[in-house]
There are 2 protein chains.
Amino acid sequence: METILHLTGPLDPRSGWRASPDRCPIARALDVMSTRSAFLIMREAFYGTSRFDDFVGRAEISEPVAAARLRELVSEGLLVREPYREPGQRTRHRYRLTEKGADLLPVLVGLIQWSQRWLDDDGAGGVLALRHRDCGERVGVGLRCAADHEVAVGELDLTLAAAGAR
Amino acid sequence: METILHLTGPLDPRSGWRASPDRCPIARALDVMSTRSAFLIMREAFYGTSRFDDFVGRAEISEPVAAARLRELVSEGLLVREPYREPGQRTRHRYRLTEKGADLLPVLVGLIQWSQRWLDDDGAGGVLALRHRDCGERVGVGLRCAADHEVAVGELDLTLAAAGAR
DNA sequence: CGGCATCCTTAGGGATACTG
DNA sequence: CAGTATCCCTAAGGATGCCG
């Protein structure tokens with residue numbers, strides 16, 4: 001394992017290393033989630049939206065876009081499309097989060113948190129908040145290490161481990 | 001304060017509430033960060049990249065795109081463009097993260113974490129990891145409430161508070 | 001070195017109309 | 001309700017060349 005550079009937020013002389021973009025995890029994640037509509041659809045999925053028309057209406061996107069994005073997100077395994085039928089009804093389909101999709105929640109929450117902190121969402125309609133069901137406190141995302149320390153931006157190192165390392 | 005719905009990851013009957021998309025924090029954040037190039041530039045900024053040509057080369061984007069995105073990110077206040085000069089050189093400019101920009105780090109780390117967990121970044125060139133400088137342990141993002149409990153996806157409530165609430 | 005101008009291609013996305 | 005088909009526009013992004 002080799003320490004590549006120190007992330008400091010503000011400035012760093014840079015060690016000459018580069019992100020090998022072809023396999024940079026961020027670049028790869030962006031292959032799946034890079035469009036506005038993808039984020040909005042995932043947002044809705046977290047809110048419990050499951051039907052096509054609801055995605056269209058609530059994310060405020062057009063049908064063709066919703067159809068295209070849903071198809072992609074299903075094929076990427078973030079959502080599943082499954083048939084169901086209520087007692088007297090015909091068979092319908094609904095979209096549900098997979099575990100893979102649900103695991104994106106920290107990213108979404110990170111965006112919410114950042115937006116509320118910096119974009120003065122003056123919330124003329126009230127302030128949206130995520131809360132811990134058990135204790136009622138607000139929920140956010142934060143950096144934390146495996147030893148359970150809270151980690152500040154300036155305390156991060158970027159390392160590259162040979163092959164089978166953790 | 002009013003509880004709107006329970007986020008469960010998998011399915012929820014949905015309470016009829018909608019995200020009022022015009023002021024949805026996610027939608028607003030996406031006005032700033034919705035393109036691949038914006039994420040890649042921010043990634044590079046975290047890695048310490050500061051010069052125009054380095055952004056172009058390391059993020060693997062074209063000059064016009066880099067110029068456009070850098071201009072936007074500066075005007076949005078995520079980066080600052082500042083002149084500097086080394087002893088015998090002419091004045092140059094560099095781009096640095098602002099606090100607002102640096103605060104986006106959890107989102108980036110969330111993407112890295114998700115990508116490594118689900119996109120089998122088999123990392124034929126080694127595995128990238130963020131580590132806590134003090135203890136060397138790997139760093140990730142997680143949901144946590146103000147009372148410092150770790151929060152699972154299914155333990156989240158979405159609430160809407162009247163106006164000046166926290 | 002740090003861009004901007006130009007041109008081009010592709011992807012994202014809206015509107016409308018139609019179908020099972 | 002859940003899409004598909006068509007058409008059109010705009011934004012994202014690459015390639016190339018020029019310029020202070």
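Chain A is the first sequence line, chain B the second, and so forth, proteins listed ahead of strands; every chain is numbered from 1. Worth knowing before you read on, the calculation uses all heavy atoms, side chains too, and leaves out hydrogens, waters and symmetry mates.
With distances taken from any side-chain atom of A/Ser62 to the nucleotides C/dT6, C/dG14, D/dC1, the minimum falls on C/dG14. Set against C/dG3, D/dA15, D/dG3, the side chain of B/Tyr95 has C/dG3 as its closest nucleotide. Across C/dG13, C/dC4, D/dG13, the shortest atom-to-atom separation from the side chain of A/Ser37 is found for C/dG13. In the set C/dG13, D/dA12, D/dG14, the nucleotide with an atom closest to the side chain of B/Thr35 is D/dA12. Of the candidates D/dG13, D/dA2, C/dG3, the closest approach to any side-chain atom of A/Arg81 belongs to D/dA2. The side chain of B/Pro64 lies closest to C/dT6 when the candidates are C/dC1, C/dG13, C/dT6. Side-chain proximity of A/Arg71 to the nucleotides D/dT4, C/dG13, D/dG13 is greatest for D/dT4. The B/Asp53 side chain lies nearest to C/dC1 when the options are C/dA5, C/dC1, C/dG14.
One interatomic measurement links the two molecules: NE2 of A/His93 to P of C/dG20, which rounds to 16 Å at whole-angstrom precision. Atom CD1 of B/Ile61 and atom P of C/dC4 are 13 Å apart (whole Å). Atom CD1 of A/Ile41 and atom P of C/dG13 are 9 Å apart (whole Å). Between B/Glu72 atom CD and D/dA12 atom C1' the separation is 10 Å, expressed in whole Å. Between the CZ atom of B/Arg58 and the C1' atom of C/dG2 there is a distance of 15 Å, rounded to whole Å. Atom pair A/Leu40:CG and C/dG14:C1' shows a separation of 14 Å (rounding to whole Å applied). Nucleotide C/dG3 holds its P atom 13 Å from the CZ atom of B/Arg94, rounded to whole Å. Going from atom CG of A/Leu30 over to atom P of D/dA12 covers 14 Å, rounded to whole Å.
A salt bridge links A/Arg144 with B/Asp148: at least one charged nitrogen is closer than 4.0 Å to a carboxylate oxygen. The pair B/Asp157-A/Arg131 fails the salt-bridge criterion, with no side-chain N (NZ, NE, NH1 or NH2) lying under 4.0 Å from an Asp/Glu carboxylate O.
Residue-to-nucleotide proximity on DNA chain C shows that, of B/Phe52 and A/Glu63, the 5′-proximal contact is made by B/Phe52.
Taking the six-membered ring for Trp and thresholds of 30 and 60 degrees, A/Phe39 and B/Phe39 have nearly parallel ring planes, at less than 30 degrees apart.
A donor-acceptor contact shorter than 3.5 Å is absent between the side chain of A/Glu76 and the backbone of A/Met33. With hydrogens and angles disregarded, a donor-acceptor distance shorter than 3.5 Å links the side chain of A/Ser75 to the backbone of A/Glu72.
Under 4.0 angstrom from either OP1 or OP2 of D/dA2 there lies at least one side-chain N or O belonging to A/Arg51.
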